[in-house]
Amino acid sequence: MSKDYHRLNSQVFNINPETGFFDLEKDLEARDAFLLETNQRTHKSKTIHEHILYLVKEGLYEDFYLSYSEQDIDIVWKAIKTENFQFASYMSAAKFYKDYALKTGDKQTYLETYEHRTLAVALHTARGDVGLAKDIALVMIRQQYQPATPTFLDAGKARRGELVSCFLLEMDDDLNSISFQLGTSMYLSKVGGGVALNLSKLRARGEEIKGIQNAAKGVMPVLKLLEDGFNYADKMGQRKGAGAAYLNIFHADVEEFLDTKKINADEKSRIQTLSLGLTVPNKFFDLAKTGEDYYVFYPYTVRKKYDIHLDEMDMSEWYEKLVADPDIKKKKLDARAMLTNIAKTQFESGYPYIVYIDTANKHHALKDLGRIKMSNLCTEIFQLQTPSVIRDYYEKDDIGFDISCVLGSLNIVNVMEGKNIEFAVKTATEALTNVSDLSTVTNAPSVYEANNAFHSIGLGAMNLHGYLAKNLIPYESPEAVEFVSAFFAAVNFYSIRASMIIAKRRAEKFHGFERSEYHKGAYFNKYLKNHYNPTSDRVKELFKGIKLPTQDDWAKLKADVREHGMFNAYRLTIAPNQAISYIQNSTASIQPVVDAIEVRTYGNAKGNDTTYYPMPYLSKKNILLYKSSYTMDQTKIIDLVAAAQEHIDQGISTVLYVTSMATTRDLVKLYLYAFKKGLKSLYYTRTKNLTIEECLLCSV
């Protein structure tokens with residue numbers, strides 16, 4: 001009986017003779033069988049207070065009674081229980097209990113239900129404010145808002161890592177900085193975050209060191225050190241270490257950097273687990289378009305001559321000057337050949353990520369405070385960084401600003417059907433801000449300094465394809481783009497308002513607010529000139545009963561922000577959120593699905609555990625709307641992402657899906673189209689050999 005749920009879940013592919021459709025009821029039967037077993041294996045307490053006190057005594061929960069009274073906790077718990085939560089699928093239940101629920105040391109007994117975890121997260125992130133705790137609990141139990149994995153997994157626990165998803169570090173061109181950031185990366189990996197590093201300041205292979213020619217080893221040895229460090233420093237086996245390295249495409253080591261991901265790369269130079277990304281200025285695309293010579297530069301010669309780092313230059317202004325300067329060491333490549341090289345490497349490995357760095361800086365609301373240099377492990381974080389100067393022992397360091405990512409996501413279906421975007425966004429913003437306040441990564445001083453200065457958060461979204469399919473709107477349609485534009489314009493409005501309210505209440509603005517585009521008012525101009533609310537009857541109907549901001553609302557918000565400021569320098573970003581989307585029974589992020597019924601295989605000590613995950617709201621009526629991302633027009637995906645990006649102050653993790661029929665030329669065209677449409681980055685490129693036998697739509 002105990003493993004009946006595996007058998008039942010696998011039967012969803014069976015065609016029900018009565019309906020002529022997949023037997024989706026088997027998934028619900030699998031869910032019920034699984035929950036029956038988990039109930040038998042769950043520690044029972046008579047009251048919520050007995051439950052909390054037991055876990056506090058066992059050293060597993062923090063003592064919530066230091067911040068809340070019994071009556072406070074009763075209020076929050078009653079709000080949770082009144083919602084009568086039920087998992088919507090076998091996958092959602094299994095994912096929660098296997099990966100998120102607190103367990104005994106031997107993993108045999110569950111110590112939390114979904115309601116218990118919701119309570120712990122709400123109490124922890126509300127920081128003693130019972131009203132906020134109740135609001136957080138409500139948006140979570142209604143599955144309108146989902147904290148990212150580190151927060152959802154660890155909040156409220158006595159022994160926990162940081163509640164932060166990822167970190168971005170900048171490495172300067174000296175051994176002190178290199179060794180310091182290597183150590184910092186391992187520490188951050190240990191506490192559970194993915195770490196990305198900008199290596200664009202490092203000397204290229206063969207550059208001089210202290211006047212000795214050909215002494216520098218370039219970025220490749222640092223890549224190896226990083227890969228080994230992340231493999232060594234994980235979160236006690238709970239979460240693997242994960243890292244990424246970014247390099248500017250005008251860096252002289254760029255070809256060698258790309259070669260490390262190729263199948264035929266020498267094992268000594270091959271990078272297997274570290275992710276790689278390229279930061280690409282507009283000038284490169286100009287050179288590729290015209291077919292002009294493309295020069296890459298040796299960074300130390302640039303710094304030595306002009307006292308400015310290569311990656312901090314506006315290449316549209318500096319490129320010709322560097323080419324003409326005989327003191328700058330350089331070599332000539334072919335820009336179009338480089339694009340083809342990137343495409344070939346992506347076909348083989350999915351890498352490199354591509355960051356349109358000038359686009360990111362053009363739309364940067366804090367451009368007068370600093371430059372965006374790179375992105376993170378999933379290419380959706382875009383914040384300013386300033387390098388740190390790490391001196392010798394007993395000498396004071398100059399600590400700059402690096403980045404931490406405090407993430408969570410709205411479930412578009414449940415937010416829309418709840419008819420209150422404002423409440424969900426406001427509550428999520430308050431919760432994420434408190435998580436930022438609780439972040440104390442003192443062993444990463446540049447991250448600590450920036451977190452205290454900017455209070456940056458990243459509210460994202462999921463279940464877009466699910467929402468569109470449920471409402472019978474094709475993902476590739478103009479109506480989908482119209483919906484996305486209106487929805488994210490509203491999310492942007494309410495997140496700015498929420499940040500303004502926090503700043504007003506606390507009488508505190510983010511560092512440098514007066515120099516931002518928010519204070520100047522320039523950020524709001526497009527909303528005063530353009531109308532983003534829906535125009536078609538079909539999309540208007542979707543927003544019926546939902547308050548969308550008018551141009552007058554934007555004008556008032558502009559005035560309020562100028563008067564009171566904003567607490568969060570960065571607010572919105574759309575991460576991949578795959579793991580937490582399963583708990584929400586949601587499609588991931590705003591990306592299209594791969595299959596109408598997803599097959600996930602997890603390796604474990606006893607073999608492979610395969611789970612079948614029907615897409616939410618799947619029916620005979622809408623299955624054709626769950627068209628696989630591999631068979632979609634990729635330019636339509638980019639169009640939809642671009643519609644959201646206009647309202648997202650950071651970035652969007654965007655995957656390209658290509659089949660074996662695609663060519664490198666096809667992929668290059670997509671890079672250029674994404675650049676033209678104003679995307680800030682491209683994440684992985686996924687490739688697949690698509691055959692008619694693999695098409696689920698042919699089965700029904």
Side-chain angles (χ1 to χ4, degrees), residues 83 85-86 88-89 92 135-136 138-147 408-429 431 459-498 531-550 553 571-575 577 580-593 615-619 621-622 625-626 640-641 643-648 652:
E83 294 296 318
F85 173 80
Q86 187 176 33
S89 66
S92 59
D135 288 348
I136 294 171
L138 284 173
V139 293
M140 286 181 62
I141 203 68
R142 292 170 181 169
Q143 294 204 316
Q144 296 175 341
Y145 168 68
Q146 172 65 50
S409 296
L410 302 172
N411 185 323
I412 294 172
V413 169
N414 297 334
V415 168
M416 288 294 294
E417 293 181 354
K419 301 294 182 183
N420 197 335
I421 297 176
E422 180 177 7
F423 176 71
V425 172
K426 178 181 183 298
T427 304
T429 302
L459 178 60
M462 63 175 76
N463 217 3
L464 175 62
H465 200 166
Y467 181 77
L468 296 174
K470 187 176 186 181
N471 288 279
L472 304 181
I473 297 174
Y475 187 94
E476 299 166 279
S477 68
E479 291 81 7
V481 173
E482 185 182 347
F483 169 77
V484 163
S485 181
F487 179 81
F488 285 105
V491 169
N492 190 25
F493 177 88
Y494 289 121
S495 73
I496 294 172
R497 176 184 276 181
H531 181 61
Y532 293 98
N533 289 346
T535 55
S536 70
D537 290 341
R538 180 73 185 93
V539 181
K540 283 181 180 178
E541 183 66 24
L542 297 176
F543 286 98
K544 189 175 181 179
I546 296 174
K547 175 70 171 70
L548 294 177
T550 64
D553 292 329
R571 300 162 289 105
L572 302 177
T573 188
I574 302 180
N577 59 40
I580 57 175
S581 71
Y582 290 134
I583 297 172
Q584 294 269 324
N585 195 53
S586 157
T587 61
S589 187
I590 64 170
Q591 293 286 119
V593 303
M615 290 300 105
Y617 329 111
L618 180 64
S619 68
K621 190 177 181 181
N622 69 13
L625 297 173
Y626 273 121
L640 188 146
V641 173
Q645 181 63 78
E646 186 171 4
H647 309 291
I648 303 296
I652 300 172

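Numbers here simply count residues along the sequence, with the first being 1.
The closest side-chain heavy-atom distance from Q584 to V413 is not below 4.5 Å. Residues Y494 and N420 form no side-chain contact, since every pair of their non-hydrogen atoms from C-beta on lies 4.5 Å or further apart. Contact annotation: the side chain of I136 never approaches that of P147 to less than 4.5 Å [non-hydrogen atoms, C-beta and beyond]. In this structure, the side chains of R571 and L459 stay at 4.5 Å or more apart for every pair of heavy atoms. Looking at heavy atoms from C-beta onward, Q146 lies out of side-chain contact with N411 at the 4.5 angstrom threshold. Side-chain contact between I412 and F487 is present, with at least one heavy-atom pair separated by less than 4.5 Å. The closest side-chain heavy-atom distance from Q645 to I574 is not below 4.5 Å. With a 4.5 Å cut-off on side-chain heavy atoms, Y617 and Y626 count as touching.
Taken to the nearest 0.5 Å, the CG atom of L625 stands 14.0 Å off from the NZ atom of K470. Taking OG from S495 and CD1 from I648, the interatomic distance works out to 8.0 Å, rounded to the nearest 0.5 Å. Rounded to the nearest 0.5 angstrom, Y532 OH and E646 CD are separated by 3.5 Å. The distance from the CG atom of N471 to the CZ atom of R538 is 5.5 Å, given to the nearest 0.5 Å. With rounding to the nearest 0.5 angstrom, the CE atom of M140 is 12.0 Å from the OG1 atom of T427. Atom CD1 of I421 is separated from atom CZ of F488 by 10.0 Å, given to the nearest 0.5 angstrom.
Under the 3.5 Å distance criterion, the side-chain polar atoms of N577 are matched with a main-chain donor or acceptor of A461. Judged purely by atom type and a 3.5 angstrom limit, N585 has no side-chain atom pairing as donor or acceptor with the backbone of S92. Under a 3.5 Å cut-off, the side chain of T587 and the backbone N or O of G466 do form a donor-acceptor pair. The backbone N or O of E417 sits nowhere less than 3.5 Å from a side-chain atom of Q144 that would complete a donor-acceptor pair. Side-chain atoms of E482 come within 3.5 Å of backbone N or O of T535 as a donor-acceptor pair. Within the 3.5 Å criterion, the main-chain N or O of A575 finds a donor-acceptor partner in the side chain of S589. Using modelled atom types, one side-chain atom of H465 and one backbone atom of V593 make a donor-acceptor pair closer than 3.5 Å. With T429 contributing its side chain and V425 its backbone, the two residues share a donor-acceptor pair below 3.5 Å.
The heavy-atom pair separating A644 from I652 by the smallest distance is CB-CD1, 3.7 Å. A486 approaches L548 most closely through the heavy-atom pair O-CD2, 4.5 Å. Taking both residues in full, the closest heavy atoms of A424 and V139 are given as CA-CG1, 4.2 Å, listed atom of the first, atom of the second, then distance.
Listed by chain and residue number, nothing satisfies the salt bridge (charged side-chain N to carboxylate O under 4.0 Å, His left out) test with K419 (two or more places apart in sequence, or in another chain). Annotation: side chain to side chain contact (heavy atoms under 4.5 Å, CB included) contacts of A480 (sequence neighbours excluded): L468, I473, S477, L640.
Ring pair F483/Y467: centre-to-centre distance below 6.0 Å.
The residues D553 and R497 are annotated as not salt-bridged, no charged nitrogen and carboxylate oxygen being separated by less than 4.0 angstrom.
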Which atom pairs, one a donor and one an acceptor, fall under 3.5 Å between side chains of residues 539-546 and the rest of the protein, sequence neighbours left out?
none

Going through the checks in order, is the side-chain contact (heavy atoms from CB on, under 4.5 Å) test met by L472 and K621?
CA-CA 8 Å; L472 304 181; K621 190 177 181 181; 3.5 Å; yes

